[in-house]
Amino acid sequence: MGITGLLTVLKEAQEPVHISSFKGQTLGIDGYVWLHKGAFGCSQEIALGQDTRRYVNYILKKIEMLRHFQIVPFVVFDGGSLTSKEETEMEREAKKNIQEGLRLFNMGLKKEAQTYFQRGINITPKFAKDVIEELKKKNIQYVVAPYEADAQLAYLEREGTIQGIITEDSDLIVYGCKKIIFKLDDAGNGMLFDRERLGQVRSFSLRGWTDETFRKMCILSGCDYLSSVHGVGLKRSHKYLQRSRDIKQIAENQWIAFHPQIDSENDEIRRVICSG
DNA sequence: CCCTAGTCGTCAT
DNA sequence: CGACTAGGG
């Protein structure tokens, strides 16, 4: 989904942490994030179809850092690729970038080509497969999620298998995760989001809000699954839900009252919100 | 103040 | 993916 501005608006629910505060605990890792960053550093080799282990080594280095601080890593990879419209367009865009990169590369413009190679990175199951091979050798826990890693990580935390999550994706907050480490660097420093601190958020009051209402606020503010309602972000979404927790009421009355331009073209959104 | 859409960085030397 | 920001409402 990717909720625009969510992390910014929830800054009071976050604080700097060092990974060592999770010593002895198991942390779930959003595999896609590290795969993508690792691939970023060897985009040329990937685009040229050359064999490279650099993205594997990148992740192994991160894992070693965690183990140095006695963290037990549990890597979660994405399973079935989404077959949404946006996904195929993203892939098409990626291919175009690779082609442009190859064109520049063949002209000898190596540096200029790299920018396009980096934009054209597309994480395929092969990447995860190569990493998994090494994780097996090192006896590091991992799982390939049936669908999205997000839901799997949320489940693992709820069931107590992991005590926190390492990612860069704010969607984990929407999925109800309690402890999430963002912006983890090589030294083990990061920002910890703690769900218990949601009441300290200053942008708007979330006191007395259930995870369910919070989720609806995020969906209402716009996500990739739906064509979002023009002019409604997190703040206005919060305002509407504060006034009435009945989404159907908001959809049928307030949206149209506040935004007359919204009508039948957003029936799709209405259906999803009301069923959610 | 709020929202949108576009740009840039992610690695690494 | 997020951070940042110019520009419109």
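Bear in mind the structure is a predicted one, so any value in this text is a computation, not a measurement. Numbered from 1 within each chain, the chains take letters A, B, ... in sequence-line order. Keep in mind that the numbers below use all heavy atoms, side chains included, and drop hydrogens, waters and symmetry copies.
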- Task: Indicate yes or no for a side-chain donor-acceptor contact from A:Ser221 to the backbone of A:Gly233 under 3.5 Å, with no hydrogens or angles considered.
- Result: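 Not a single qualifying donor-acceptor pair exists.
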
*asked:* When you measure from the side chain of A:Glu157 to the backbone of A:Lys179, do you find a donor-acceptor pair of N or O atoms at a distance under 3.5 Å?
replied: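 Answer holds: yes.
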
Name the nucleic acid region contacted by A:Ser170, choosing base, sugar-phosphate or nothing; use a 4.0 angstrom heavy-atom cut-off, strictly under.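 The answer is sugar-phosphate, as A:Ser170 gets under 4.0 Å only of primed atoms, P, OP1 or OP2.
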
Tell me: [atom1] of [X] to [atom2] of [N], nearest whole Å?
X        : N     : atom1 : atom2 : value
A:Leu7   : C:dG2 : CG    : P     : 7 Å
A:Leu6   : C:dC1 : CG    : P     : 13 Å
A:His238 : B:dC1 : NE2   : C1'   : 16 Å
A:Leu10  : C:dG2 : CG    : P     : 12 Å
A:Asp30  : C:dC1 : CG    : C1'   : 10 Å
A:Leu220 : B:dC3 : CG    : C1'   : 14 Å
A:Ile166 : C:dC1 : CD1   : P     : 19 Å
A:Phe193 : C:dG2 : CZ    : C1'   : 16 Å

message = Quick check: do A:Ile162 and A:Phe22 have side-chain heavy atoms less than 4.5 Å from each other?
response =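 They are not in contact (no side-chain heavy atoms under 4.5 Å apart), so the answer is no.
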
Listed nucleotide nearest any side-chain atom of A:Lys183, set C:dA3, B:dC2, C:dC1: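 The answer is C:dA3, which lies nearest to the side chain.
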
Geometric class of the A:His18/A:Phe69 ring pair [parallel <30°, tilted 30-60°, perpendicular >60°]: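 It falls in the perpendicular class, over 60°.
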
Are A:Asp130 and A:Tyr55 close enough that a side-chain donor and a side-chain acceptor fall under 3.5 Å?
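A:Tyr55 and A:Asp130 do have a side-chain donor-acceptor pair below 3.5 Å.
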
- prompt: Centre of A:Tyr116's six-membered ring, under 6.0 Å away, within 45 degrees of the axis: is that where NZ or CZ of A:Arg119 sits?
  reply: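 Here A:Arg119 passes the 6.0 Å and 45° test against A:Tyr116.
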
Can you name the atoms? Protein N/O to nucleotides 7-13 of chain B N/O, anything below 3.5 Å, with the distance.
| from | atom 1 | to | atom 2 | distance (Å) |
| --- | --- | --- | --- | --- |
| B:dC11 | OP1 | A:Tyr58 | OH | 3.3 |

